Number of protein chains: 2
Amino acid sequence: MVVYAGQGDPRRSIELLWRGSVTENRPGPKPGLSVDAIVDAGIAVADEQGLAFSMRAVGERLGRTAMALYTYVPGKNELVDLMYDRTMAELPTSYPLDDGWRPAVTRWAHDLWECYGRHPWVLQVSQARPVLGPHEFAATEALAAILVSTGLPGRRLRGIVGAINYFVRGAAQTVVEARAAGGATGEADEEWWYARSAVLLEIEPDLARKFPMLHLLESDREPVDPSLPYLENDALENFRNGLGVLLDGIEGAVTQP
Amino acid sequence: MVVYAGQGDPRRSIELLWRGSVTENRPGPKPGLSVDAIVDAGIAVADEQGLAFSMRAVGERLGRTAMALYTYVPGKNELVDLMYDRTMAELPTSYPLDDGWRPAVTRWAHDLWECYGRHPWVLQVSQARPVLGPHEFAATEALAAILVSTGLPGRRLRGIVGAINYFVRGAAQTVVEARAAGGATGEADEEWWYARSAVLLEIEPDLARKFPMLHLLESDREPVDPSLPYLENDALENFRNGLGVLLDGIEGAVTQP
DNA sequence: GTTGATTCTTTATGCCGTAAAGTATTGGCC
DNA sequence: GGCCAATACTTTACGGCATAAAGAATCAAC
């Protein structure tokens with residue numbers, strides 16, 4: 001089970017995102033923590049445990065109780081918003097256009113894909129109602145800058161920006177959740193798939209006859225990098241192919257009005 | 001906060017998915033419930049409350065305690081798997097190819113999009129490690145059948161199937177989560193966006209200067225159906241545009257090798 | 001009529017986020 | 001120098017969650 005998170009109080013969230021915490025000289029004991037430290041700890045914990053991490057775990061990693069965090073951060077939702085935007089800060093904010101828009105978009109997509117791979121929990125943070133943090137803006141700005149160079153009108157580009165984002169997110173989800181599930185149960189991808197499909201074939205022996213088109217799709221596989229687990233290979237191949245098709249579509253729009 | 005769900009014990013899940021519950025003549029009190037009834041109740045509750053629904057709520061809707069469900073279903077994860085596949089049963093299992101593959105894929109995508117709209121919680125169920133239920137298979141088989149008619153090799157088609165699925169899912173997520181967030185706080189989409197961007201502009205007055213490309217993207221809006229809320233309009237426009245681009249890409253692959 | 005499997009309820013355990021209240025520490029002001 | 005009020009942090013507690021464990025009621029087969 002996983003719960004998705006994000007979207008705390010807008011004003012408080014946005015102030016923390018864009019302004020950071022304001023710490024003048026005030027009475028009372030010196031703060032032993034900081035929003036930054038808490039966000040870092042949160043990311044570290046979430047990288048290991050996913051979005052279902054507990055405030056207690058974050059506190060523990062900082063040598064405090066869970067409640068100590070509430071001095072700095074209004075609640076778990078707001079913390080996740082901050083973690084999300086901090087993660088987006090890992091992405092480059094501009095891409096060279098020397099070889100045209102296509103390699104640039106490809107690199108943008110790969111960078112985002114890899115960022116998702118490093119921080120799987122990000123994929124569980126709600127996307128509509130975007131967090132609206134500065135670094136997410138910056139990342140999207142980078143993609144927009146590339147695409148604007150195609151000369152296509154904003155009307156067309158909005159759909160394209162969405163499509164690219166959805167695609168990268170979806171493709172990343174496939175790998176990342178598979179990896180997570182394998183890790184949770186201690187199984188490697190291959191074993192998980194084997195166990196699952198073995199049971200399936202035992203219960204429904206003639207899948208191939210019932211779903212002939214799917215069976216057809218599964219044929220015609222390419223040789224594969226043996227150093228990567230099966231699913232990772234599959235996902236990477238599909239990522240490249242799918243992205244290629246998407247970019248072909250954009251190219252069509254660019255070359256002919 | 002939302003937790004994602006799915007992926008219980010493979011054997012038990014798959015047996016329930018493909019075989020249903022086997023109920024011979026046995027001693028003991030007559031069962032007052034059934035897996036089917038529980039799955040239906042689960043879907044009804046999840047439609048209202050999302051994946052964070054409680055077993056108590058499902059039991060209550062059936063006039064039982066939460067624990068009564070565990071007689072029929074191993075746990076919440078497995079129940080979600082069953083709910084997921086039941087939902088996929090709402091989709092058509094084949095599409096006419098009279099006008100070629102393009103309108104057929106478009107209709108497939110729209111049907112899936114609408115299904116997501118009816119059952120938003122489905123978008124939170126893990127996609128990797130697919131549930132592997134018969135109806136999900138059937139839905140994908142329908143898409144595969146359409147795409148095979150393009151004559152493209154399986155190698156290409158796998159990426160395309162992925163891309164289409166990711167795109168529909170991502171686009172649907174945007175609307176659906178926006179709707180859900182508005183519903184949770186009692187705000188309409190417009191108000192939510194207004195409140196959020198008002199705060200943002202107050203704190204960061206020259207967004208347009210900091211992110212010029214994004215600002216450029218936001219210009220050039222089309223006239224819009226005033227009966228739909230703002231976000232729904234936006235999402236629908238982006239869905240159509242993005243899908244168009246994607247299909248253009250496929251068309252390119254079809255017409256020239 | 002008894003046995004044993006089965007349905008369903010009750011109770012209890014151990015998580016979770018976080019509200020409320022208490023304690024200790026500090027700067028500013030008289 | 002001494003007090004006040006704000007702050008950092010802990011302790012305790014609450015209500016909610018999934019679900020384990022144990023018990024009560026029900027029924028077919030012998």
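Computed from a prediction, not measured in an experiment: that's the story for all the values here. Just the heavy atoms: all of them, side chains too, but no hydrogens, waters or symmetry mates, feed the values below. Lettering of chains follows the sequences in order, A, B, ..., and the numbering in each one begins at 1.
- Annotation: the span from A:F53 atom CZ to A:L79 atom CG amounts to 5.0 Å, rounded to 0.5 Å.
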Please list every donor-acceptor pair under 3.5 Å in which a side-chain atom of residues 36-47 of chain B meets a protein atom from a residue at least two apart or in another chain.
{"unit_1": "B:D36", "atom_1": "OD1", "unit_2": "B:R86", "atom_2": "NH2", "d": "2.9"}
{"unit_1": "B:D40", "atom_1": "OD1", "unit_2": "B:R86", "atom_2": "NH1", "d": "2.5"}
{"unit_1": "B:D47", "atom_1": "OD1", "unit_2": "B:H119", "atom_2": "ND1", "d": "2.8"}
{"unit_1": "B:D47", "atom_1": "OD1", "unit_2": "B:W121", "atom_2": "NE1", "d": "2.7"}
{"unit_1": "B:D47", "atom_1": "OD2", "unit_2": "B:H119", "atom_2": "ND1", "d": "3.2"}

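- A heavy atom lying under 4.0 Å from DNA chain D marks the following residues of residues 54-61 of chain B, by number: B:S54, B:M55, B:R56.
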Base-pair string, DNA chain D, Watson-Crick plus G-U, cut-off 3.5 Å on both distances, | for inter-strand, is ||||||||||||||||||||||||||||||
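- Note: B:E204 CD to B:L201 CG = 9.5 Å, rounded to the nearest 0.5 Å.
- For the pair A:F239/A:W113, a side-chain contact is recorded, criterion being any heavy-atom separation below 4.5 Å from C-beta on.
- Contacts classified as ring pair (Phe, Tyr, Trp, His ring centres under 6.0 Å) and involving residues 14-36 of chain A (residues at least two apart or in different chains) are given here: A:W18-A:F137.
- Between the CD atom of A:E78 and the C1' atom of C:dG17 there is a distance of 12 Å, rounded to whole Å.
- Taking NE2 from B:H135 and OG1 from B:T140, the interatomic distance works out to 12.5 Å, rounded to the nearest 0.5 Å.
- As rounded to whole Å, 15 Å separates atom P of C:dC15 from atom NZ of A:K76.
- Of the residues near DNA chain D, B:M67 and A:L33, the one whose nearest nucleotide (by heavy atom distance) lies more toward the 5' end is A:L33.
- For the pair B:E90 and B:R118, the salt-bridge criterion is met [side-chain N within less than 4.0 Å of a carboxylate O].
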Within the 4.0 Å limit for protein heavy atoms, which parts of nucleotides 22-27 of chain C are touched? Write it as a string from 5' to 3', B for base, S for sugar-phosphate only, - for none. ---BBS
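- Nearest-nucleotide positions on DNA chain D place A:A66 closer to the 5' end than the other of A:A66 and B:A66.
- The phosphate of D:dC9 has OP1 or OP2 within less than 4.0 Å of a side-chain N or O from A:Y72.
- Between B:T65 and B:E60 the shortest side-chain heavy-atom distance does not fall below 4.5 Å.
- In this structure B:E136 satisfies the salt bridge (charged side-chain N to carboxylate O under 4.0 Å, His left out) test with no other residue, sequence neighbours excluded.
- Residues A:R169 and A:Y116 have side chains in contact (heavy-atom distance under 4.5 Å, counting atoms from C-beta outward).
- When rounded to the nearest whole Å, the span between CG of B:L69 and P of C:dT7 equals 13 Å.
- Atom C1' of nucleotide D:dT11 and atom CZ of A:R64 are separated by 16 Å, given to the nearest angstrom.
- Atom CG of B:L62 is separated from atom P of C:dT9 by 11 Å (rounded to the nearest Å).
- Atom CD of B:Q49 has more than 12 neighbouring heavy atoms from other residues, nucleotides or ligands inside a 6.0 Å radius.
- Remark: B:T65 is in phosphate contact with C:dT9, judged by side-chain N or O atoms under 4.0 Å from OP1 or OP2.
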